K.L.:
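Below you'll find the structure I mean.
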Amino acid sequence: MDNRVVVTGIGIILPIGKTEQEVIHSIKNDVVNFQRSSFRKDVIVSPVEDFDFKAYIKAYKYSRYLPKSWRLTICAVKKAIEDAKISQKILENSSLFVGIGPNVDVFDMQIEQKALGILSILPNTPSFCISNLFSIHGENLTISTACSSSLQSIGEGFLRIKKGDTKVALCGGGDSRLSNLGISLYYNARVLKLIDESQDVKNSYAPFDKKNMGFVPGEGGAFLVLEELSHAKKRGAKIYGEIIGYSSSMDGLNPTAPDTSAKYPTKCIENALEKANIDPNEIDAIFAHGTGTKLNDIMEIKLIKNLFVNKNPYITALKSWIGHLASGCGAAEMAIGIFCLKKNIIPKIRNLKDPRDDFIPFVIHNTYRQVNIAIFQSFGFGGQNACIIFKNSVD
Amino acid sequence: MDILDVLKKIIADIMDIDEQEIDRETYLIRDLNMESIDLLELSVAINSQFKIDVEDDKAFLKDLRFILKEIDHNTSLDNYLSNQYPHLSKSRIDEILADLENGPVLKLKDVEQYINYTLHSHG
């Protein structure tokens with residue numbers, strides 16, 4: 001029989017907080033860290049404030065090869081390890097699944113002037129540093145699937161524990177694309193939320209709103225510790241909940257745009273539901289990818305309509321709180337989502353006034369309800385689709 | 001800025017340590033745990049700062065142990081090493097030979113001398 005997989009640790013460094021308490025405080029008090037980009041005044045960004053790598057890792061000679069995205073990632077791992085209270089002995093045999101992106105913040109680092117500047121663009125450098133710093137030597141994989149990367153890293157960790165390859169897996173990622181190059185690439189691709197001088201920076205970005213076009217780029221890191229249920233129970237670990245399903249698929253239709261018929265995203269979620277052995281009607285809440293680009297929002301609305309015929313789960317979109325963390329978004333949103341579900345909060349989609357669909361129950365006010373089963377969704381360029389089904393309790 | 005100050009700054013940056021932890025007598029490998037990739041970074045940085053080609057085997061005494069192993073026993077060790085490492089003084093070579101058993105011998109002052117010598121010999 002397959003193993004059951006629970007979440008026993010969460011570490012975050014995010015624009016709305018670096019601890020569970022800070023995140024919950026931000027959600028309850030409508031606090032975001034949106035501001036105008038220093039590179040383009042018509043672009044909103046969601047940075048992490050007061051981030052000092054040295055405060056977490058102290059002196060580390062390989063830090064000279066690490067752009068901010070990877071520093072955020074590594075610090076999130078440290079916090080997840082501390083939260084899970086796992087011993088060094090367990091860590092040594094733990095597995096590591098790192099979801100990362102193309103690292104567009106590296107171009108400010110003058111890597112061509114270093115002997116080993118190549119380390120700043122090799123995708124598994126963060127994995128090396130994490131293993132080097134925390135002595136993690138089990139199964140290891142770096143996953144780079146655009147904006148699905150970190151959610152898929154959690155999914156792959158889940159599968160490895162489920163199949164018995166490992167007892168503990170550290171999974172997550174981080175990203176930062178707020179550099180001049182990052183903003184320019186997004187701007188050129190016409191995917192950013194743009195505002196004029198008179199518009200309110202904090203209250204303009206509204207995923208799933210008819211008038212919203214484009215997203216707010218954010219930055220941050222988030223890591224989860226996944227653990228086989230009996231292993232977690234035996235050591236008396238704190239258990240946040242259980243991961244019961246995961247799947248992925250690829251549209252392969254267009255290098256950037258999603259397929260608005262949502263054919264293969266639907267297939268992806270159907271697969272995950274089937275593997276989790278649950279009916280769509282058992283889903284209470286959907287943490288949508290919800291970027292606020294027109295095509296993403298149309299696709300996700302279609303997806304929800306394809307799947308949920310009899311029951312209307314709550315639909316929220318955490319990017320309205322932290323911005324779009326690119327490859328790091330899945331892990332970040334899962335971390336925030338789990339914190340909120342533990343407190344029986346379903347966070348609102350900020351600023352949503354005129355939804356693209358009148359029949360879908362978008363959460364427009366913070367809602368205090370118990371959620372048993374939730375889906376987390378990530379969709380990336382290429383038509384890269386992924387989802388994870390999370391159960392907010394362990395029987 | 002003199003050569004020593006520049007070198008201290010470069011090494012502090014590579015090793016993520018304070019410049020105060022480094023002086024002329026610091027052993028780069030024995031004290032600072034500099035590895036081959038760190039010496040590679042040092043080489044690239046010296047090249048970029050001083051506009052000289054760095055021969056790593058000589059600047060960082062990388063081939064010292066090999067030379068000591070291969071040398072014909074009838075040859076004068078002092079003279080031979082002086083030819084191999086023309087940037088080092090006779091007294092420094094004697095110091096190195098007396099220090100071999102204690103671990104890697106490379107000191108910051110050896111690299112300083114290498115740069116000094118190379119800059120000088122090129123005019």
Side-chain angles (χ1 to χ4, degrees), chain A residues 13 50-79 103 105-137 140 142 174 176 221, chain B residues 1 3 5-23 26-63 103-104 106-108 110-112 114-115 118:
Chain A
I13 314 250
D50 305 321
F51 173 64
D52 178 12
F53 185 70
K54 275 213 154 109
Y56 295 90
I57 306 295
K58 309 223 161 38
Y60 188 53
K61 67 178 183 180
Y62 303 128
S63 63
R64 67 200 309 265
Y65 305 113
L66 302 175
K68 191 175 185 185
S69 52
W70 293 355
R71 291 174 184 231
L72 290 161
T73 305
I74 290 164
C75 293
V77 175
K78 183 166 196 272
K79 300 190 78 177
N103 225 3
D105 57 337
V106 83
F107 292 88
D108 301 330
M109 293 175 62
Q110 297 167 316
I111 60 172
E112 71 283 4
Q113 289 175 24
K114 293 176 191 154
L116 291 167
I118 193 169
L119 292 176
S120 300
I121 48 174
L122 269 177
N124 71 335
T125 295
S127 189
F128 159 75
C129 292
I130 292 164
S131 171
N132 178 254
L133 282 163
F134 310 117
S135 304
I136 300 168
H137 305 289
N140 189 290
T142 294
S176 173
Chain B
M1 233 195 230
I3 295 172
D5 288 338
V6 175
L7 278 175
K8 278 182 175 177
K9 196 171 177 306
I10 292 170
I11 291 171
D13 179 47
I14 292 172
M15 301 305 289
D16 201 16
I17 56 177
D18 286 337
E19 283 179 48
Q20 285 82 351
E21 294 177 46
I22 313 163
D23 63 34
T26 302
Y27 289 101
L28 297 189
I29 298 163
R30 206 188 293 178
D31 292 340
L32 301 182
N33 292 318
M34 289 187 83
E35 302 172 281
S36 59
I37 72 161
D38 305 318
L39 293 176
L40 202 58
E41 290 292 3
L42 178 58
S43 177
V44 169
I46 291 169
N47 173 274
S48 136
Q49 292 276 327
F50 298 100
K51 310 286 175 233
I52 57 171
D53 287 330
V54 181
E55 200 182 338
D56 291 10
D57 281 350
K58 302 304 170 199
F60 308 137
L61 311 181
K62 277 188 169 178
D63 56 2
L106 179 69
K107 286 187 171 183
L108 181 57
D110 303 331
V111 182
E112 181 194 12
Y114 178 85
I115 295 167
T118 309

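All chains are named by letter (A, B, ...) in the order of the sequence lines, taking the proteins before the strands, and each is independently numbered beginning at 1. Fair warning: this is a prediction, and the values are worked out from it, not measured in the lab.
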K.L.:
Look up atom OG in A:Ser127 and atom CG in A:Asn140, then write down how far apart they are to the nearest 0.5 Å.
P.N.:
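So the OG of A:Ser127 and the CG of A:Asn140 are separated by 3.5 Å.
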K.L.:
Testing the basics here: between A:Met109 and A:Lys114, what is the closest heavy-atom pair and its distance to 0.1 Å?
P.N.:
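Minimum heavy-atom separation between A:Met109 and A:Lys114: O-NZ, 3.6 Å.
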K.L.:
Heavy-atom distance under 4.5 Å to chain A: side chain of B:Asp18, backbone, both or neither?
P.N.:
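Neither the backbone nor the side chain of B:Asp18 comes within 4.5 Å of chain A.
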K.L.:
Side chain, backbone, both or neither: which part of A:Lys58 has a non-hydrogen atom closer than 4.5 Å to chain B?
P.N.:
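Backbone of A:Lys58 only, per the 4.5 Å heavy-atom cut-off to chain B.
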K.L.:
Check the angle between the aromatic planes of A:Phe128 and A:Tyr62 and answer parallel, tilted or perpendicular using the 30° and 60° thresholds.
P.N.:
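Aromatic pair A:Phe128/A:Tyr62 classed perpendicular.
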K.L.:
For the residue pair A:Leu122 and A:Tyr65, establish whether any side-chain heavy-atom pair is separated by less than 4.5 Å.
P.N.:
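Not touching, per the 4.5 Å side-chain cut-off.
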K.L.:
Knowing that exactly one of A:Ser176, A:Ser69, A:Ser120 qualifies, which makes a side-chain hydrogen bond (donor to acceptor under 3.5 Å, both in side chains) with A:Asn103?
P.N.:
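For A:Asn103, the side-chain hydrogen bond (donor to acceptor under 3.5 Å, both in side chains) test succeeds with only one of A:Ser176, A:Ser69, A:Ser120, which is A:Ser69.
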K.L.:
Here's a test for you: under side-chain contact (heavy atoms from CB on, under 4.5 Å), which of A:Leu119, A:Ile74, A:Val77 qualifies with A:Cys129?
P.N.:
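The residue from A:Leu119, A:Ile74, A:Val77 that satisfies side-chain contact (heavy atoms from CB on, under 4.5 Å) with A:Cys129 turns out to be A:Ile74.
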K.L.:
Picking from B:Val44, B:Leu42, B:Asp16, which has the most non-hydrogen pairs under 4.5 angstrom with chain A?
P.N.:
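That would be B:Asp16.
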K.L.:
What residues of residues 5-15 of chain B sit under 4.5 Å from chain A when you count only heavy atoms?
P.N.:
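Expected list: B:Asp13, B:Ile14, B:Met15.
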K.L.:
If every non-hydrogen atom of B:Asp63 is compared with every non-hydrogen atom of B:Asp57, which pair is closest and at what distance?
P.N.:
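The answer is OD1-O, 3.2 Å.
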